[in-house]
Amino acid sequence: MRSKAGGPRVRIAPSPTGMFHVGTARTALFNWMIARQHPGGVFILRIEDTDESRNKEEWVGAITSSMEWLGFTPDEGPYRQSEARSAHEAAAFLLRRMGYLYYCDCTTAMVEARKAPGAPPGYDGFCRDRGLERDVDTALRFRTPREGVTVVHDLVRGDVEFANDQIEDFVVAKSSGDVLYALANVNDDRHDRITHVIRGEEHLANAPKQILLWSALNAAAREDVPLPFYAHLPLLVNEQRKKLSKRRDAVATELYRDQGYLPEAFVNYLALLGWSPRGDEEIVPLSTMVEEFRLEDVSHSPAFFDVKKLTHMNGEYLRALDIEAFIAASAPWVAPWASGWRPSDREAPWREDQFDAELYARVAPLIQERVATFGEIAPMVEFFFLDEPRIDETAFAKVITNDANGRGLLEGAIERFEKVGEWVAASLHEAVAELGESMGLALRKAQAPIRCAVTGTLVGPPLFESLELLGRATTIERVRAALERPG
RNA sequence: GGUCCCAUCGUCUAGUGGCCUAGGACAUCACCCUCUCAAGGUGGAGGCACGGGUUCAAAUCCCGUUGGGACUGCCA
């Protein structure tokens, strides 16, 4: 349980909430990088499941599978906080015996009722010296020092001071006997010999309480476990500058995985939230980030999670893939029946018997630089696999129904396509160009109705390459179908 | 309300007293390329919240103001 060669021991301690919050993902990344900077570093996953309402097994699965996706394999764990229940109770017992804790039977309403208008909020210490014993309605509170200051030596923010008389006598164990997060977390960190507590800024106000508890535990147990370094990371916020919330915002890491973001790109983007690599290049390999990362360099101010930038960055990663890798990695989105994992938020875009892996392999180079996520592939290439293209009515009306040249172009195209010698992109390009010329139209105008008839839309992969792959028969058949379409 | 944190282009950031006429990236605009859409290329617009100090010199240090935010549970 000790660090190998005195390396850092860090941990992320998510509570199971049903999904893996992107903020937790970033915290995991920063912790993981610190662990990887030292050969003896240890990265621990501890699931804080002490509250029974947050103790669903599948929720734990959301944590482990996202961690796996991100590539942050824990060196220890996953531990369950709930497994240490008896250790927490023992710690509470010891602390109580040594006088650091006292029983309190005040209800929230009672505390509230005693409060003079304008009095400081929080518990007033009413039971501090009443010498209550354990009972069905007694919670255990920590006897906070009334004088002095507790300073949090924060690696990103510097020293943050809290006057002890501003820290209320907080509850450490419920009247049910269940030990609360405040103590459980500290006891676990102490037990696990955590050296760096790296977490979100929302925990900064908890830090002095935890430091007090840590010291009390050291004294009570007569074992001086060194206090960890603290590092409170800037919050991730939404466009309203509010902390990213599960209710309002797209915070589930799984969502990004389902949409077809690459974990490497996602991690790279996450690192940029509150930190930046040296130099002007933002797309950097993980190994470089691990090398350059310093908690001291982390920004102090909140960061907006910008999906647009994430998406751009993902596009860059996608384009950097060689074509085989691109094809392989996109499988869950184009041939989910053949891949081990499939996105949970969508149906297969077409039936297995409609899909043609060889054809897809030839289509892929056409769309690799046109998509930013794997999820965008299917809508762009579906006309290759569906029996009939899905027609965009607006586009159809614009370039075929309502364009004076529309039908003429389609008729001319059929005529020329039937005569094309070798059915390859270059010949088709030439054929359509000539057709356009004969009607006094630029190629960009001439190709539009054909594109719409065959692919269903006005945007997509290069037309002539697409026609080549589709074949003469299908192409002509679709152009005919468009001509026969009512309206 | 109390405690605490924060403040450079719309966004993420570089900047740690002179190298700043404030750099990069995303987004945005224009142009080029072009069979559509992208990608790519070139260029543009856009920022040190405000007010006082300190200093020969401040985006950088100090104070205040304003503005944001977190916490304030017998949740984690």
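Below, all heavy atoms of this structure are taken into account, side chains as well, without hydrogens, waters or symmetry copies. Every chain is numbered from 1 and lettered A, B, ... according to where its sequence line falls, protein lines coming before strand lines.
Between B:rC75 and B:rU65, the distance separating the two P atoms is 37 Å to the nearest Å. Taking atom P in both B:rU13 and B:rG18, one finds a spacing of 23 Å when rounded to whole Å. Only the C1' atoms considered, B:rG46 is 22 Å distant from B:rU60, to the nearest whole Å.
In this pair, A:His196 and A:Phe229 present their aromatic rings tilted. The plane angle is within the 30 to 60° band.
The backbone N or O of A:Glu422 sits less than 3.5 Å from a side-chain atom of A:Ser427, completing a donor-acceptor pair.
If you check every strand for non-hydrogen atoms under 4.0 Å, A:Asp137 touches a base. At a threshold of 4.0 angstrom between heavy atoms, the contacts of A:His232 with the nucleic acid are absent. In this structure, A:Phe162 reaches the sugar-phosphate backbone alone: every heavy-atom distance under 4.0 Å involves primed, P, OP1 or OP2 atoms, never a base. Contact annotation for A:Ser301: backbone-only contact, meaning every heavy-atom pair under 4.0 Å involves sugar-phosphate atoms and none involves a base. As judged by a 4.0 angstrom heavy-atom cut-off over every strand, A:Arg278 is placed among residues making no nucleic acid contact. Residue A:Glu161 is classed as a sugar-phosphate contact, given heavy-atom separations below 4.0 Å to backbone atoms only.
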Worksheet item: Please walk me through it: do A:Asp105 and A:Thr138 pass side chain to side chain donor-acceptor pair (under 3.5 Å)?
Response: CA-CA 4 Å; A:Asp105 64 359; A:Thr138 53; over 6 Å; no
Please report, to 0.1 Å, the donor-acceptor pairs under 3.5 Å made by any side chain of residues 264-273 of chain A, with sequence neighbours excluded.
{"from": "A:Asn268", "atom 1": "OD1", "to": "A:Val284", "atom 2": "N", "distance (Å)": "3.1"}
{"from": "A:Asn268", "atom 1": "OD1", "to": "A:Tyr317", "atom 2": "OH", "distance (Å)": "2.5"}
{"from": "A:Asn268", "atom 1": "ND2", "to": "A:Glu282", "atom 2": "O", "distance (Å)": "3.1"}
{"from": "A:Tyr269", "atom 1": "OH", "to": "A:Asp306", "atom 2": "N", "distance (Å)": "2.7"}
{"from": "A:Tyr269", "atom 1": "OH", "to": "A:Asp306", "atom 2": "O", "distance (Å)": "3.3"}

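A 6.0 Å sphere centred on CD of A:Glu147 holds no more than 12 heavy atoms belonging to other residues, nucleotides or ligands.
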Response to the item:
A correct 5'-to-3' footprint of nucleotides 20-40 of chain B, with B, S and - meaning base, sugar-phosphate only and no protein heavy atom under 4.0 Å, is ---SBBSS-------BBBBSS
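Projected onto RNA chain B by closest heavy-atom contact, A:Leu273 and A:Gly122 fall at different nucleotides, the more 5' of which corresponds to A:Leu273.
Nucleotide B:rA76 holds its C1' atom 8 Å from the CD atom of A:Gln81, rounded to whole Å. Separating the NZ atom of A:Lys209 from the P atom of B:rU3 is a distance of 15 Å, rounded to the nearest angstrom. In this structure, A:Lys174 places its NZ atom 10 Å from P of B:rC74, rounding to the nearest Å. Taking atom NE2 of residue A:His300 and atom C1' of nucleotide B:rG15, one finds them 14 Å apart after rounding to whole Å.
Across A:Asp192, A:Asp188, A:Ile47, A:Leu45, a single residue satisfies side chain to side chain contact (heavy atoms under 4.5 Å, CB included) together with A:Tyr79, and that is A:Asp192.
OP1 or OP2 of B:rC12 lies within a sub-4.0 Å distance of a side-chain N or O belonging to A:Arg241.
Nucleotide B:rG17: unpaired (no Watson-Crick or G-U wobble partner with both distances less than 3.5 Å).
Taking 4.0 Å as the cut-off between side-chain N and carboxylate O, A:Arg128 and A:Glu168 do not count as a salt-bridged pair.
Distances from the side chain of A:Ala205 to the nucleotides B:rC74, B:rC5, B:rC71 place B:rC71 closest.
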